[in-house]
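Below: one structure, written as structure tokens.
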Amino acid sequence: MCEHETNIGRTRTRWWGPAATVTSVGDVGAAATPVEGRDEFEDADTPPAAEPAYWELLDQPGINRSLRRLPGVTWSAIRFVWAADRRSFVLTLSNDLVAGVLSAVQVLVVAALLSQLLSHADPADAARAAAPWVFLLVLASVVASVMNALVRGRMELFQERVGYAASHRLLAVASNVDLLAFESPAFYDRMQRVQVQSQFRPMQVVQSITQLLSGVASSVGVIVALAVLQPWLVPVVFLAYLPVTLAMSKGAWTEYRFVRGFTQLERRRVYVSAILTERETAKEVRAFGLRQFFLDRYGALWRERERELNAVVTTRTRSVAWAEVLSAVLNGLVIGSLLLLLGHGRLSIAAAGAVLSGLMQLRSRVGGITYGAAGLFEAVLFLDDQRDVLALAAELERRRPTQPAPTSFETLTVDDVSFSYPESAKRAVDRVSIEIRRGEIVALVGENGSGKTTLAKLLGHLYEPTEGAIRWDGIDVRHVDPERLRAAVTVVFQDFVQYNLSAADNIGLGDVTRRQDRPGIEAAAQRSGADRFLRRLPEGYDAILGRMFDTGQDLSIGQWQRVAVARAFFRDAPFVILDEPTAALDARAEHELFERIRSLFVGRTVLLISHRFSTVRSADRIYVLDRGRIIEAGRHDDLVAAGGTYAELFNLQASAFVAVTPGSGRGQA
């Protein structure tokens with residue numbers, strides 16, 4: 001059932017058979033896994049290599065690459081956080097800078113306080129002389145506490161705003177990339193990592209930078225004070241923290257490689273979790289008794305991740321622990337040296353106290369610098385992924401055609417078009433040539449896996465051909481802005497979406513620019529037959545459909561399909577693609593729709609995809625597909641008379657509706 005070998009730097013996973021083999025790190029998600037919507041039974045020649053899609057241009061990460069890009073990624077993160085909430089950003093930075101200045105002030109105040117206490121023999125005189133310095137010490141502490149309270153109160157809102165901005169930016173990219181990107185497991189892996197990490201990594205950059213600035217600002221004052229008293233201490237303290245800095249940077253890189261290497265495994269775990277918790281799968285899990293099977297699978301995936309995470313944490317902890325020990329030993333040597341100087345009379349008690357206080361503060365501040373630098377490096381590793389994904393938006397705009405879409409629809413010509421899915425050597429559509437004219441009803445038929453849906457997506461401009469050309473009124477659609485072109489097309493997919501929104505929204509989403517057109521929405525529902533049951537809902541067209549939210553009204557799958565067809569009517573586009581539009585309808589409703597299809601879509605061109613041959617008999621032209629190729633074309637009567645594949649499949653389906661009369665031995669329709 002499962003094979004999994006893991007090593008940081010190399011991961012190999014196989015779940016659900018050999019087709020799901022994945023090699024990572026460095027080749028995460030390279031498997032040619034079956035993807036819904038593909039036609040998996042093609043048998044054609046390997047197409048020539050095409051220019052890489054823009055989502056395939058993402059660089060493979062590496063530590064040297066990330067180090068080179070660290071300044072750019074850091075600056076991008078700062079600008080992003082600044083745009084999200086400037087006031088909170090300034091407040092956070094100000095707090096750290098003030099804290100740094102106050103730390104330096106405290107060192108000097110402590111030195112003056114000790115000097116006053118030790119320079120007066122009379123305790124009363126010492127107390128009076130020290131009182132102003134105590135006041136300054138308390139005042140500095142109060143100012144620092146107030147600033148920290150202000151920042152803590154603002155930080156939660158700051159994080160929320162940054163998280164929203166990061167999510168919004170990612171969703172904008174994900175919803176704009178070509179549909180074909182979602183056929184690539186590698187793209188899914190990258191999106192998974194970015195989606196998870198983008199919520200908190202930008203804030204980690206800010207916190208790391210402020211930690212660095214605070215450490216530097218605090219250290220400057222302390223360093224000046226120590227340099228006056230004992231200059232040799234300064235480089236020794238920084239040297240003591242060098243091992244910790246190196247160990248934590250190495251740990252950050254190890255953490256990133258772990259997350260990257262286990263991205264696809266984590267997606268599988270989330271998928272299994274969804275099977276056990278979502279409504280769409282709940283009935284089959286119970287009907288087939290799959291609960292324990294998927295619980296075991298979830299546990300196996302989790303344990304595999306936990307084993308590798310344990311190895312990563314152990315290695316990182318051991319490395320940092322040894323570095324901390326070495327740092328503590330070096331700091332101990334520094335303090336021992338101070339005691340020797342004090343013992344030999346080369347350092348006064350007041351000076352020794354001030355130096356010791358300064359060392360403790362400097363040790364804390366250098367530690368902050370170290371942890372800030374390591375945190376910054378870790379955040380940049382993950383934000384490098386995010387920066388690449390966000391760069392897709394710019395690349396998408398750069399590649400987007402700008403030619404205006406045709407304003408009319410007379411002829412759609414498919415000229416020797418072929419198409420292959422990513423990571424597949426076979427053509428899902430193979431050298432297809434067809435012509436569709438205004439006002440026609442054209443049907444695509446064929447067995448499962450013949451390429452019907454893929455060809456429909458090409459004609460709907462959701463995919464671009466690997467070879468050949470599609471021309472709309474003589475204009476090659478590759479040169480036309482795809483969004484403008486899609487505005488002239490409406491599609492009812494076989495796996496249509498059931499939006500858990502109001503009934504009016506479900507239909508109005510067919511044309512969001514007219515979503516408030518209630519008469520138009522109701523007219524579309526009447527044409528599809530959805531009006532009959534929508535009006536009976538407690539809130540009518542304002543009722544929420546589906547059971548995901550409170551007060552939601554569930555529909556049968558056939559009713560959902562009528563709503564989807566109403567959405568297509570409401571779009572009012574000249575070219576309509578119906579992919580199995582009656583798959584969920586009963587025989588009477590299906591017959592009614594197909595009998596009226598020409599009048600319902602009058603003035604429009606309809607591409608009808610169906611595996612039920614009886615429903616396409618009235619089409620102006622029928623194309624028969626087999627393994628991505630068109631093998632027959634013509635009207636129903638001509639194709640039946642030809643006695644080819646269409647006739648064979650039609651007769652096979654028709655025979656299921658022929659009953660044998662007892663005693664006669666003859667078939668009766």
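Hydrogens, waters and symmetry mates are skipped; everything else that's a heavy atom, side chains included, is used. Predicted, not measured: the structure shown is a model, and the values here were computed from it.
Between Glu306 and Arg303 no salt bridge is recorded (no basic side-chain N to carboxylate O distance below 4.0 Å).
Contact of the Leu545 side chain with the Tyr499 side chain is not registered, since no non-hydrogen atoms from C-beta on lie closer than 4.5 Å. No side-chain heavy atom of Tyr164 sits under 4.5 Å from any side-chain heavy atom of Glu160. Counting heavy atoms from C-beta on, the side chains of Arg268 and Val272 never come closer than 4.5 Å.
For the residue pair Glu467 and Arg427, the shortest heavy atom distance occurs at OE2-NH2, 2.9 Å. Considering all non-hydrogen atoms of both residues, Asn500 and Ile544 come closest at O-CG2, 4.0 Å. Arg291 approaches Leu276 most closely through the heavy-atom pair O-CD2, 4.0 Å. Considering every non-hydrogen atom in both Glu464 and Leu458, the closest pair reads C-CD2, 3.7 Å. Closest approach of Asp505 to Leu501, counting heavy atoms only: CB-CB, 3.9 Å.
Between the side chain of Lys426 and the backbone N or O of Tyr421 there is no donor-acceptor pair closer than 3.5 Å. No donor-acceptor pair closer than 3.5 Å links the side chain of Asp579 to the backbone N or O of Ile609. Counting only distance, with no hydrogens or angles, the side chain of Arg567 and the backbone of Leu509 share no donor-acceptor pair below 3.5 Å.
Atom-to-atom distance recorded for Arg307:CZ and Asn310:CG is 10.5 Å, nearest 0.5 angstrom. The NZ atom of Lys457 lies 12.0 Å from the CG atom of Leu455; values are rounded to the nearest 0.5 Å. Note that CG of Asn506 is 8.5 Å distant from CG of Leu555, once rounded to the nearest 0.5 Å. Rounding to the nearest 0.5 Å places CG of Leu462 at 5.0 Å from CZ of Phe493. For the atom pair Ser273 OG and Glu278 CD, the distance stands at 8.5 Å (nearest 0.5 Å).
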>> Working note: Arg486 + Glu483, criterion salt bridge (Lys or Arg N to Asp or Glu O under 4.0 Å); need CA distance, chi angles, decisive distance, verdict.
In response: CA-CA 5 Å; Arg486 291 181 199 129; Glu483 289 191 2; 5.4 Å; no

> Which is it for Arg305 and Leu301 under the side chain to side chain contact (heavy atoms under 4.5 Å, CB included) test, yes or no, and what are the steps along the way?
Replying inline: CA-CA 6 Å; Arg305 185 181 189 276; Leu301 290 165; over 6 Å; no

>> For Val429 and Ser418: C-alpha separation, side-chain torsions, deciding distance, then whether side chain to side chain contact (heavy atoms under 4.5 Å, CB included) applies.
In response: CA-CA 5 Å; Val429 172; Ser418 296; 5.7 Å; no

> Do Thr454 and Phe419 pass the side chain to side chain contact (heavy atoms under 4.5 Å, CB included) test, and can you show the C-alpha distance, the side-chain angles, and the key distance before you say yes or no?
Replying inline: CA-CA 8 Å; Thr454 300; Phe419 175 81; 3.5 Å; yes

Would you tabulate the side-chain donor-acceptor contacts of residues 81-89 under 3.5 Å, counting partners in other chains and residues two or more places apart, or write 'none'?
| from | atom 1 | to | atom 2 | distance (Å) |
| --- | --- | --- | --- | --- |
| Asp85 | OD1 | Ser88 | N | 3.2 |
| Asp85 | OD1 | Ser88 | OG | 3.3 |
| Asp85 | OD1 | Arg161 | NH1 | 3.4 |
| Asp85 | OD2 | Ser88 | OG | 2.7 |
| Asp85 | OD2 | Arg161 | NH1 | 2.9 |
| Ser88 | OG | Arg154 | NE | 2.6 |

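Residues satisfying the side-chain hydrogen bond (donor to acceptor under 3.5 Å, both in side chains) test with Arg269, not counting sequence neighbours, are Glu266, Tyr298. Take Gln498 and apply the side-chain hydrogen bond (donor to acceptor under 3.5 Å, both in side chains) test, not counting sequence neighbours, and it matches Trp560.
Remark: the Asp296 side chain and the Gln292 side chain contain an N/O donor-acceptor pair separated by less than 3.5 Å.
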